[in-house]
Amino acid sequence: MKLDVHKIQNKNGLSIEVLNLGGIIRSIKTPDRKGVFEDVVLGFQDPKHYLEEHPYFGAIVGRFANRIAHGTFTLEGKEYSLAQNNGTNQLHGGLLGFDKVFWEVKPLENENGIQLSYTSKDGEEGYPGNLSVTVDYVLTDDNTLKVKYQAQTDKTTVINLTQHSYFNLSGDFSKQILDHELLLNADQYLPLDNTQIPKGNYQSVVDTPFDFSTLKTIGRDIEAKNEQLKIGNGYDHCWVINNPNNEIVKAAEVYHPESGRTMDVYTDQPGMQLYTANFLDNTLPSKTGGTYGPRTGFCVETQYFPNAPNEPSFPTTILKPGETFTSETWFQFSVK
Ligand code: GLA
């Protein structure tokens, strides 16, 4: 299939560009407090780079976002083996996940946006069931990008979808995001073992570097002496969003003081993986010249909990025939 780019714009001039490859959001242009529009997501100028190895820039991630321990799980008595593409674990759906496949794209009829569709075949990347997935990208006139996921299967399977955009609200990708102020609506997070699999318990954020219950710069505690930060080489953890009723709630707020740009994230998902681009190593070309260095972006990946298929106490990620998986995440842009 041919790589193509789709543009969505709203009446205020905000725009996003989406590739049919991986449903990748390759740009989001939003104004700062003076009205200057800049691109606030990492990616490549030349779309061809997306066909090569990259760290999920802007992509839809599936069938299963984040890690599954040892690339294996048991469902209805049957054991499934998946590719181990992250040490001995599986990461982000395997070797050819949803970030690397071509999606059908069509305009939405009743909203300003597009619908991407993909059918993942029974057994693809080792997962059971033919899984039909749609992802809608909608850009509203209140400057909100809504991402709406739906999926159905013909065999019992597991599913966990997310959007893997790397944001830098400064619009300058040579700058680190450590000065961005972040608030997370979460009293707990999931501590990791040293292969980055959640241990299974929920840990209070109080008196730890993981406390973002009031606005705090991402950089304030990122270098603190802390076993968990060492494992992630910075933040690379899932927070438990305070959302007892599985409603759409505000999960995060990010504010960049210099530009005034603010992004509020709403979701109905139980978890949010905050990843501070700890593994970017100045090998990939930046859109604005130079290369992407460590911590020049942050991801707020709304999702079910990593390794949920192996952790019975976590909210279930099982999808059965006849059911419809639905989930929504909104990114709302404004200035302060
Ligand atoms: C997720 C993972 C990270 C890293 C990035 C992609 O956020 O948790 O460890 O793999 O994706 O590079």
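Whatever order the structure lists them in is the order used to number ligands and atoms, beginning at 1. As the structure is a computational prediction, the values presented were derived from the model and not from experiment.
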Novice: Just checking, is any N or O donor in the side chain of N160 or R63 under 3.5 Å from an acceptor N or O on the other one?
Specialist: no

Novice: Return yes when atom NE2 of H70 has more than 12 non-hydrogen atoms of other residues, nucleotides or ligands closer than 6.0 Å, and no otherwise.
Specialist: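 Atom NE2 in H70 is not crowded, with 12 or fewer foreign heavy atoms closer than 6.0 Å.
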
Novice: Quick one: does Y166 get within less than 4.0 Å of ligand 1, heavy atoms only?
Specialist: yes

Novice: Run the numbers for me: atoms of ligand 1, each under 4.0 Å from some heavy atom of N66, listed by number.
Specialist: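 Atoms satisfying the 4.0 Å criterion: 2 (C), 8 (O).
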
Novice: Measure from atom 2 (C) of ligand 1 to every heavy atom in V300, L274, V61, D236 and give the option owning the shortest one.
Specialist: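 Nearest heavy atom to atom 2 (C) of ligand 1 lies in D236.
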
Novice: Which residue holds the protein heavy atom closest to atom 7 (O) of ligand 1, what is that atom called, and what is the gap in Å?
Specialist: E301 OE2, 2.8 Å

Novice: Should one rank Y275, Y56, F298 by closest heavy-atom distance to atom 4 (C) of ligand 1, which comes out on top?
Specialist: Y275

Novice: Going by the order shown, which atoms of ligand 1 are within less than 4.0 Å of some heavy atom of L91?
Specialist: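 Answer for ligand 1: 10 (O).
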
Novice: Hey, are E125 and K100 close enough for a salt bridge, meaning a charged N less than 4.0 Å from a carboxylate O?
Specialist: no

Novice: Give a yes or no on whether a salt bridge exists between D39 and K287, defined as a side-chain N under 4.0 angstrom from a carboxylate O.
Specialist: yes

Novice: Name the closest protein heavy atom to atom 1 (C) of ligand 1, giving the residue it belongs to and the distance to 0.1 Å.
Specialist: H92 NE2, 3.2 Å

Novice: Would you mind checking if E17 and R26 are paired as a salt bridge, meaning a charged N to carboxylate O distance below 4.0 Å?
Specialist: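 Between E17 and R26 there is a salt bridge, with a charged N closer than 4.0 Å to a carboxylate O.
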
Novice: Measure the spacing between CG of N185 and CG of D264 and express it to the nearest 0.5 Å.
Specialist: 11.5 Å

Novice: Run the numbers for me: atoms of ligand 1, each under 4.0 Å from some heavy atom of P55, listed by number.
Specialist: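 Counting atoms of ligand 1 from 1, those under 4.0 Å from P55 are 12 (O).
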
